[in-house]
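Both backbone and side-chain heavy atoms feed into the values below; hydrogens, waters and symmetry mates do not.
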Amino acid sequence: MAALSKSIPHNCYEIGHTWHPSCRVSFLQITGGALEESLKIYAPLYLIAAILRKRKLDYYLHKLLPEILQSASFLTANGALYMAFFCILRRGLLTIYMANLATETLFRMGVARGAITTLRNGEVLLFCITAAMYMFFFRCKDGLKGFTFSALRFIVGKEEIPTHSFSPEAAYAKVEQKREQHKEKPRRMNMIGLVRKFVDSICKHGPRHRCCKHYEDNCFSYCIKGFIRMFSVGYLIQCCLRIPSAFRHLFTQPSRLLSLFYNKENFQLGAFLGSFVSIYKGTSCFLRWIRNLDDELHAIIAGFLAGISMMFYKSTTISMYLASKLVETMYFKGIEAGKVPYFPHADTIIYSISTAICFQAAVMEVQTLRPSYWKFLLRLTKGKFAVMNRKVLDVFGTGASKHFQDFIPRLDPRYTTVTPELPTEFS
């Protein structure tokens, strides 16, 4: 705790913008780099979204550019204003460490200090609990709305929604109509036809509980089809994510194109999504057979067991994001029910606090920051976040220079308050 009373005599040039002694020039450089990267991120994103949504010409002429600039300026401000206030508050550098006190309650920093013991497969357990609650709300009437509901309906299928639009009679009539059409049109017995015939034979025969709404399949084939469908979706998603990296090395390393299709992560994501759906559907069918009814409470058990599928694709990021969205959903449900108060601009306050914590970690203890976010900060600032003089911050006991032991900034002695460790000549 002795570090609480420590302070350092260095100015903002010696610690923060070590690449240039001028605060204004450094701010402009950070702003320019952040704006450039922000435009690279948001311009193609909004353009692709506009094409997929089939926007009219009026949108491209009057709305596309303002939306891109609005999002780009928002992201640019994150990088640029941090360095600006770093210089403005340089007379109270103890504030940097005081902010660190707030971050000590965070899990990653607690683990780094040995104050918290990690739970094996903790992200999987968190995902199981989150999935259980999400699926329960999904099964409840008006439990979920908007994109979340649409996404879950796409993943697990509309058959698991209690308020299914088709009545049993209409569904059976639809199935019989399809069968009659198949009888009228003879199929060619090629390989695809044989496979289709085999799948149809499995689907037609086998048990299906009267409460199950998958009228075209029995319970077994219902689960198998769900696995195959979402495995394919996960595999294709991971392939698409790797396309930019693969084509970047198209001419230098053509063999890397093979990794686009035969990559371990492709199959891991596919197995995760496929097993999630099949376990959820299988458990739901099993509970309908056991209890002889269709109850939304089944979704809690089915969702929890389906969450075990994350063993194939462990991701703390996914678990934490979904858990936070679940808290948000429950909070707004509490507001609608009049059980909890509404706080104006709560999202802005939470974002500001979260950004402050992440930037604090990026300066004082990079080792506790998520690697992907650290890479993003480097990209946003053109690598300048890595050239801060963290060795002088080690006095606070957070291991600020742990991953920067070999870095010594080239400081101009004319602008420093403390003689640099290794003086260098300037042209």
Side-chain angles (χ1 to χ4, degrees), residues 1-37 76-104 109 112-113 355-369 371 373-427:
M1 300 299 293
L4 285 172
S5 61
K6 294 178 183 284
S7 61
I8 45 181
H10 306 74
N11 58 33
C12 57
Y13 166 53
E14 295 171 82
I15 299 176
H17 46 89
T18 60
W19 62 91
H20 199 284
S22 172
C23 297
R24 294 180 181 178
V25 173
S26 300
F27 170 75
L28 292 176
Q29 290 176 342
I30 290 289
T31 303
L35 179 61
E36 179 184 344
E37 291 300 324
T76 302
N78 278 263
L81 293 181
Y82 179 81
M83 183 55 65
F85 282 99
F86 188 93
C87 295
I88 293 172
L89 300 174
R90 64 183 180 270
R91 295 185 185 279
L93 287 175
L94 187 59
T95 305
I96 299 176
Y97 183 74
M98 294 303 296
N100 187 52
L101 295 178
T103 66
E104 289 181 356
M109 294 185 179
R113 290 167 173 77
T355 303
I357 292 172
C358 290
F359 276 54
Q360 166 71 14
V363 175
M364 299 298 294
E365 41 191 318
V366 177
Q367 61 274 15
T368 63
L369 197 64
Y373 188 72
W374 171 243
K375 291 180 181 179
F376 171 73
L377 289 180
L378 291 180
R379 178 184 174 187
L380 189 65
T381 60
K382 296 292 185 180
K384 290 183 172 58
F385 228 135
V387 295
M388 299 182 72
N389 190 6
R390 291 174 170 83
K391 285 191 175 182
V392 300
L393 301 176
D394 284 338
V395 66
F396 295 123
T398 60
S401 66
K402 183 176 180 179
H403 295 302
F404 306 91
Q405 294 294 331
D406 298 330
F407 173 73
I408 299 177
R410 296 170 58 87
L411 301 174
D412 188 340
R414 295 175 298 174
Y415 301 97
T416 62
T417 56
V418 177
T419 304
E421 181 179 346
L422 289 176
T424 54
E425 294 182 359
F426 290 80
S427 56

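With hydrogens and angles left out, the side-chain atoms of Asp394 and Ser401 include a donor and acceptor closer than 3.5 Å.
Ionic pairing of Lys382 and Glu37 is present here: one or more N-O contacts between side-chain nitrogen and carboxylate oxygen are shorter than 4.0 angstrom.
In this structure, CG in Leu380 is found 8.0 Å from CD1 in Ile30, a value given to the nearest 0.5 Å. Expressed to the nearest 0.5 Å, how far CZ of Phe27 lies from NE2 of His20 amounts to 15.0 Å. Atom CZ in Arg390 sits 11.5 Å away from atom CD in Glu365 (nearest 0.5 Å).
Between Leu369 and Ala362 the shortest heavy-atom distance is CD2-CB, 3.9 Å. In terms of heavy-atom proximity, Thr381 sits nearest to Leu377 at OG1-O, 2.8 Å. Here the closest non-hydrogen pair linking Gln29 and Trp19 is OE1-NE1, 2.6 Å. The minimum heavy-atom distance linking Pro413 with Thr416 is given by the pair O-OG1, 3.2 Å.
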Starting from the C-alpha separation in whole Å, work towards a yes-or-no answer on side-chain contact (heavy atoms from CB on, under 4.5 Å) for His17 and Val25.
-> CA-CA 10 Å; His17 46 89; Val25 173; over 6 Å; no
When you look at Phe385 and Phe359, which way does the side-chain contact (heavy atoms from CB on, under 4.5 Å) test go after all the steps?
-> CA-CA 10 Å; Phe385 228 135; Phe359 276 54; 4.2 Å; yes
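Checked by atom type and distance alone, the side chain of Thr18 never pairs as donor or acceptor with a backbone atom of Asn389 at under 3.5 Å. Proximity of a side-chain donor or acceptor of Thr398 to a complementary backbone N or O of Met364 within less than 3.5 Å is detected.
Within the 4.5 Å cutoff, the side chain of Leu393 has no heavy atoms near those of the Met388 side chain.
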